[in-house]
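Everything on this sheet refers to the single structure shown next.
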Amino acid sequence: WTGTMNLTEPQAGSDLAAVRTRAEPQPDGSYKIFGTKIFITWGEHDMAENIIHLVLARVVGAPEGVKGISLFVVPKFMVKPDGNPGARNDVHCVSIEHKMGIKASPTAVLQFGDHGGAVGYLVGQENRGLEYMFIMMNAARYGVGVQGIAIAQMAYQKAVAFARDRVQSRPVDGSLKAAGPIIHHPDVKRMLMTMRAYTEGCRALSSVAAAAYDAAHHCTDADIRKQNELFYEFMVPLIKGYSTEMSLEVTSLGVQVHGGMGFIEETGCAQYYRDAKILTIYEGTTAIQANDLVGRKTSRDGGQTAKALAAQVQATEVALAASATADAIAMAKRLGAARLAFIDVVDFVAGNTKALPNDVFAGSVPYLMLAGNLMAGWQLGRAMLVAQDAVARGEDVAFMKAKITTARFYADHLLTKAAGLRDAIVEGAPCVTALALDAF
């Protein structure tokens, strides 16, 4: 059997406080569910014998807003005592969305209760549904970030293969006497290195966060569990937001590497570009991830968690500088500049969220992008240290040298964006909201 998460409604969008789907208690302890849900991934299909819908709804008489939302299990087919699917429940697909991308995934509009009410079963306690759903939402947000990394990797592999085979123009340095594969051209290399560095940085960040999640749940030391929990929670909006925005840029570059052929469906890279777009939207748009980063992850504790992470970045800078190689020194310099930009923004966010909320939230997405950029770059700095040691021992030298080069590229070409983001956030807020509404 498969499952779905039913949150969004036509009038509510991401504003779950506006959910209107209602649940009416029944004498047998079940509930009757009435309402409409939209954008339900795999909401209807025939690839499994049953679909179990997890549905947010309001019990009649519940408080207004998010505090009055409950969570219900609503099966497509009722389950018989022997565990097999039985009669059809009163939940029906009324439309399959026609989408820009991810067309192999059916996204449905579901109608509950048009024929007397869909039978649902309460999960946990009434009015705690959003709390329960967010356990799944956070897992899904991490998973969507990994989807972004995966599709970026696919786009990179396809672009590299094309660049090795596509013959066009002589290299500008005269290294070939005739036209050669485009992978010889500096701008193609720049695009491929950008794709590679972004993907490797985000993959490292997601892996480190996954390890922290495991430690937060299984370490025997309570203090270590807490530290890892804070680390993981801070990283989730970055992995979801930064990795998916990254995937959009990387898949766009993949189309660009292919040139005119990239715009032609037969090459396949246009599909990656289309499919990547949804990743910045579902399970909470980039702005929603940024709101989480500003509110729950930065302002709530006055920036303490963010600054503790910055201290860990600084420790890596010190280790890089001490290794005294040109690449490590350059990485330490770029990390240091990005870290200082990050701290300035953390101070701005923590100090102004209550007093100047419009100014802070005008820069919330740039803050997320700066934080994600720094944290991914930090992981590549750590990777550089490991790779340097491996090279010194003669272990897998070609692979490790490629790691070092990729990290150096990230430092020089991607971490350097941090200072501009800092200026836009800290100094650029007034012009975001200055234009009169009727002037747009």
Side-chain angles (χ1 to χ4, degrees), residues 2-5 7 39 41-42 99 101-105 107 133-159 194-218 228-254 268-269 271-290 292-293 297 309 365 368-369 371-380 382-383 403 406-407 410 414:
T2 59
T4 69
M5 296 165 60
L7 293 83
F39 304 149
T41 301
W42 285 88
K99 298 178 294 182
I102 59 164
K103 295 183 180 180
S105 169
T107 304
M133 186 66 90
F134 262 94
I135 296 172
M136 290 175 284
M137 282 290 290
N138 279 329
R141 286 173 174 180
Y142 177 90
V144 171
V146 173
Q147 281 183 279
I149 297 163
I151 202 167
Q153 178 67 24
M154 289 289 291
Y156 170 69
Q157 290 180 10
K158 184 173 280 290
T194 300
M195 298 171 77
R196 178 189 184 100
Y198 266 136
T199 305
E200 289 196 13
C202 289
R203 184 189 298 119
L205 184 62
S206 69
S207 299
V208 168
Y213 180 89
D214 287 347
H217 283 76
H218 302 295
N228 279 279
E229 180 184 0
L230 291 172
F231 179 92
Y232 176 77
E233 288 181 352
F234 192 91
M235 293 302 161
V236 167
L238 306 186
I239 292 165
K240 200 286 182 184
Y242 184 68
S243 297
T244 60
E245 292 288 348
M246 173 278 294
S247 75
L248 200 57
E249 182 173 347
V250 167
T251 53
S252 176
L253 285 171
C269 57
Q271 180 187 335
Y272 300 147
Y273 191 21
R274 286 195 309 274
D275 288 355
K277 182 61 228 178
I278 190 59
L279 304 178
T280 66
I281 297 170
Y282 69 8
E283 308 303 344
T285 62
T286 306
I288 287 174
Q289 309 306 315
D292 179 43
L293 180 65
K297 310 299 166 62
L309 289 168
V365 168
L368 182 148
M369 298 302 290
N373 188 352
L374 172 62
M375 295 304 161
W378 171 33
Q379 301 315 316
L380 289 185
R382 296 177 65 207
K403 280 287 183 188
T406 302
Y410 192 105
L414 305 180

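Quick caveat, the model's predicted, so the values are computed rather than measured.
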When you look at [atom1] of [X], are more than 12 heavy atoms from neighbouring residues, nucleotides or ligands closer to it than 6.0 Å?
X      : atom1 : answer
Met154 : CE    : no
Phe39  : CZ    : no
Tyr272 : OH    : yes

Might you point out which heavy atoms bring [X] and [Y] nearest each other, and give the distance in Å?
X      : Y      : answer
Leu205 : Gly372 : CD2-O, 4.5 Å
Thr4   : Thr41  : CG2-O, 3.7 Å
Leu293 : Leu238 : CD2-CD2, 3.9 Å
Pro237 : Asp292 : CG-OD2, 3.8 Å
Met195 : Ala159 : CE-CB, 3.9 Å
Leu279 : Asp275 : CG-O, 4.1 Å

Taking the side chain from [X] and the backbone from [Y], do they hold a donor-acceptor pair closer than 3.5 Å?
X      : Y      : answer
Gln289 : Gly284 : yes
Tyr410 : Asn373 : yes
Thr244 : Gly241 : yes

Notebook entry, point to check: Taking it one step at a time, do Leu309 and Met235 satisfy side-chain contact (heavy atoms from CB on, under 4.5 Å)?
Noted result: CA-CA 10 Å; Leu309 289 168; Met235 293 302 161; 3.9 Å; yes
Note to self: Quick one, Trp42 with Thr107, criterion side-chain contact (heavy atoms from CB on, under 4.5 Å). Give me CA distance, side-chain angles, the key distance, then yes/no.
What the structure shows: CA-CA 6 Å; Trp42 285 88; Thr107 304; over 6 Å; no
Checklist line | side-chain contact (heavy atoms from CB on, under 4.5 Å) between Ile278 and Lys99, worked out | finding: CA-CA 10 Å; Ile278 190 59; Lys99 298 178 294 182; over 6 Å; no
Check: After noting the C-alpha distance and the side-chain angles of Gln271 and Arg274, does the key distance pass the side chain to side chain donor-acceptor pair (under 3.5 Å) rule?
Finding: CA-CA 5 Å; Gln271 180 187 335; Arg274 286 195 309 274; 5.2 Å; no
Check: Distance from Glu229 atom CD to Phe234 atom CZ, nearest 0.5 Å?
Finding: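 Rounded to the nearest 0.5 Å, the CD-CZ separation comes to 15.0 Å.
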Notebook entry, point to check: About how many Å separate CZ of Arg196 and NZ of Lys403, when rounded to the nearest 0.5 Å?
Noted result: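 One finds 7.5 Å between NZ of Lys403 and CZ of Arg196.
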Notebook entry, point to check: Can you find a heavy atom in the side chain of Ile149 that is under 4.5 Å from one in the side chain of Thr199?
Noted result: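 Answer yes - side chains close enough.
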Notebook entry, point to check: Yes or no on side-chain contact (heavy atoms from CB on, under 4.5 Å) for Tyr232 and His217, after CA distance, side-chain angles and deciding distance?
Noted result: CA-CA 11 Å; Tyr232 176 77; His217 283 76; over 6 Å; no
Donor-acceptor pairs under 3.5 Å, side chain of residues 133-144 to any protein atom, not counting sequence neighbours: which ones?
unit_1: Asn138; atom_1: ND2; unit_2: Phe134; atom_2: O; d: 3.4
unit_1: Arg141; atom_1: NE; unit_2: Glu283; atom_2: O; d: 2.8
unit_1: Tyr142; atom_1: OH; unit_2: Ser206; atom_2: O; d: 2.7

